[in-house]
Amino acid sequence: MVREVTSFGRSGLADWLVQRVSGVVLLAYTLVVAGYLIGSTDLDYAQWNGFFDATWMRVFSTAALLSIVAHAWIGMWSVATDYMTERLMGSKGTALRLLFQAGCAILLFVYLVWGLQILWS
C-alpha cells in the first residue's frame with residue numbers, strides 16, 4: 001500500500017497541477033534562453049555572464065531550478081509507486097521503493113543546493 005508520506009503534494013490533483021505549472025515554467029525558461037542564444041550575435045562570456053547576472057534572470061533561473069526539482073520528484077514518485085510494488089517485486093518491493101525514493105530525494109536536494117549556490121554566488 002502506498003503511503004501519503006512519500007508524496008510531494010497532498011493529493012493527486014495537487015501533484016498534477018504542480019507537474020503542469022512546472023512544465024510551463026520550464027518551457028518558458030527554455031524559450032527565453034534559446035531566444036537569447038539565437039538572437040545574440042558573437043556571443044562571448046561577458047554577454048552570457050551579464051545575461052545570467054541580471055536579477056530577473058537569477059529569479060527566473062531559480063524558479064526553473066525549483067520546477068525541475070518538483071517535476072522530477074513527482075515523476076519519480078509516480079514511477080516508483082506504479083512499478084516498485086510488492087505485487088511486482090515481491091516482499092522487498094516496499095523497501096526498495098522507499099530506498100529509491102530516499103535516493104531520489106537526496107540527489108534532488110543536492111542538485112537544488114548546488115544550483116542555488118551557482119546562481120547566487
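Every value quoted in this text rests on a predicted model; they were computed, and no experiment measured them.
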For this session: Start with the C-alpha distance between W56 and V32, add both sets of side-chain angles, then the distance that settles side-chain contact (heavy atoms from CB on, under 4.5 Å), and finish with yes or no.
Result: CA-CA 12 Å; W56 72 271; V32 167; 4.1 Å; yes
Exercise. What distance separates R97 CZ from C104 SG, expressed to the nearest 0.5 Å?
Worked result: 12.0 Å
Problem set entry | N49 and its side chain to side chain contact (heavy atoms under 4.5 Å, CB included) partner, picked from F51, Y45, F52 | Y45
Exercise. Out of curiosity, does I68 fall in the hydrophobic cluster containing V25 (side-chain heavy atoms, cut-off under 4.5 Å, transitive links)?
Worked result: no
Problem set entry | Closest contact, heavy atoms only, L119 versus L65 | CD1-CD2, 4.4 Å
For this session: Indicate if L66 and F109 have the same hydrophobic cluster label, given that clusters are the connected sets of ILVMFWY residues with side-chain heavy-atom separations under 4.5 angstrom.
Result: no
Problem set entry | ILVMFWY network linking L116 to V59, side-chain heavy atoms under 4.5 angstrom | yes
Exercise. Are W120 and T62 linked by a side-chain donor-acceptor pair shorter than 3.5 Å?
Worked result: yes
For this session: Enter the distance from I118:CD1 to S61:OG here, rounded to the nearest 0.5 Å.
Result: 11.0 Å
Problem set entry | Minimal non-hydrogen separation, V69 against L108, with atom names | O-CD1, 3.9 Å
For this session: Mark yes when over 12 heavy atoms from residues, nucleotides or ligands other than W48 sit less than 6.0 Å from its CH2; otherwise mark no.
Result: yes
For this session: Answer whether the closest heavy-atom distance between the side chains of D15 and W77 falls below 4.5 Å.
Result: yes
Seminar exercise, completed: Heavy-atom closest pair (M84 atom, M89 atom, distance to 0.1 Å) is CA-SD, 3.4 Å
Exercise. What is the distance from atom CG of L31 to atom CD1 of I38, rounded to the nearest 0.5 Å?
Worked result: 9.5 Å
For this session: Might you point out which heavy atoms bring A64 and L26 nearest each other, and give the distance in Å?
Result: O-CD2, 3.5 Å
For this session: Find the distance between CD1 (I74) and OG (S22) and round it off to the nearest 0.5 Å.
Result: 6.5 Å
Exercise. Do the rings of Y29 and F60 sit parallel, tilted or perpendicular, given the 30° and 60° boundaries?
Worked result: perpendicular
Problem set entry | Heavy-atom closest pair, residues D53 and R58 | OD1-NH2, 2.7 Å
Exercise. Taking the side chain from S40 and the backbone from L43, do they hold a donor-acceptor pair closer than 3.5 Å?
Worked result: no
Problem set entry | 4.5 Å side-chain heavy-atom contact, Y36 and Q47 | yes
Problem set entry | Shortest non-hydrogen separation from F100 to M76 and the atoms involved | CZ-CE, 3.1 Å
Seminar exercise, completed: To the nearest 0.5 Å, atom OG of S121 lies from atom CD of Q117 at 6.0 Å
